[in-house]
Amino acid sequence: MNAFDILIILAIIAVAITLAFGIRSLYQTGPEARSRSNKLMRLRVALQALAVVLLVTGMWWKSTHGG
């Protein structure tokens, strides 16, 4: 495993954890829960974008440098 593989796995785990917290906050009531849910949704989207960038970069790296 190289650095890209580890970073991709960590990014996917971070997305899954954020998704779990977001789903949990959907079942809570009150204005704080709604705000927290929105923040978690934005964080999840950002983490997913990071994971996609890491995947594309890792695939490009492996195709140009062998592996």
Side-chain angles (χ1 to χ4, degrees):
M1 280 187 127
N2 62 17
F4 279 119
D5 295 338
I6 295 169
L7 287 174
I8 291 168
I9 291 170
L10 289 175
I12 292 171
I13 290 170
V15 169
I17 290 171
T18 307
L19 177 62
F21 278 118
I23 290 172
R24 182 176 154 253
S25 89
L26 282 175
Y27 291 105
Q28 296 174 348
T29 58
E32 304 88 25
R34 179 176 287 187
S35 175
R36 187 179 318 112
S37 181
N38 274 337
K39 289 178 185 177
L40 286 168
M41 186 185 334
R42 284 188 231 123
L43 177 61
R44 182 182 51 83
V45 169
L47 288 171
Q48 283 176 320
L50 175 66
V52 168
V53 168
L54 287 171
L55 279 168
V56 170
T57 305
M59 290 171 58
W60 170 80
W61 183 266
K62 286 185 179 192
S63 70
T64 58
H65 294 87

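- Residues satisfying the side-chain contact (heavy atoms from CB on, under 4.5 Å) test with M41, not counting sequence neighbours, are N38, R44.
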Side-chain donor-acceptor pairs of residues 19-32 under 3.5 Å, sequence neighbours excluded:
{"from": "S25", "atom 1": "OG", "to": "G22", "atom 2": "O", "distance (Å)": "3.2"}
{"from": "Q28", "atom 1": "OE1", "to": "R36", "atom 2": "NH1", "distance (Å)": "2.8"}

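- Partners of A16 according to the side-chain contact (heavy atoms from CB on, under 4.5 Å) rule, which considers only residues two or more places apart in sequence or in another chain, do not exist here.
- Atom OG1 of T18 and atom CD1 of I13 lie 11.5 Å apart (nearest 0.5 Å).
- Note on I17: it clusters hydrophobically with I9, by side-chain heavy-atom contacts below 4.5 Å among ILVMFWY residues.
- With sequence neighbours excluded, the residues satisfying side-chain contact (heavy atoms from CB on, under 4.5 Å) with S35 are K39.
- Alongside V56, the hydrophobic cluster contains V52 (criterion: ILVMFWY side chains under 4.5 Å).
- Closest approach of A14 to L47, counting heavy atoms only: O-CD1, 3.8 Å.
- Remark: I12 engages I8 in a side-chain contact (heavy atoms from CB on, under 4.5 Å) (not counting sequence neighbours).
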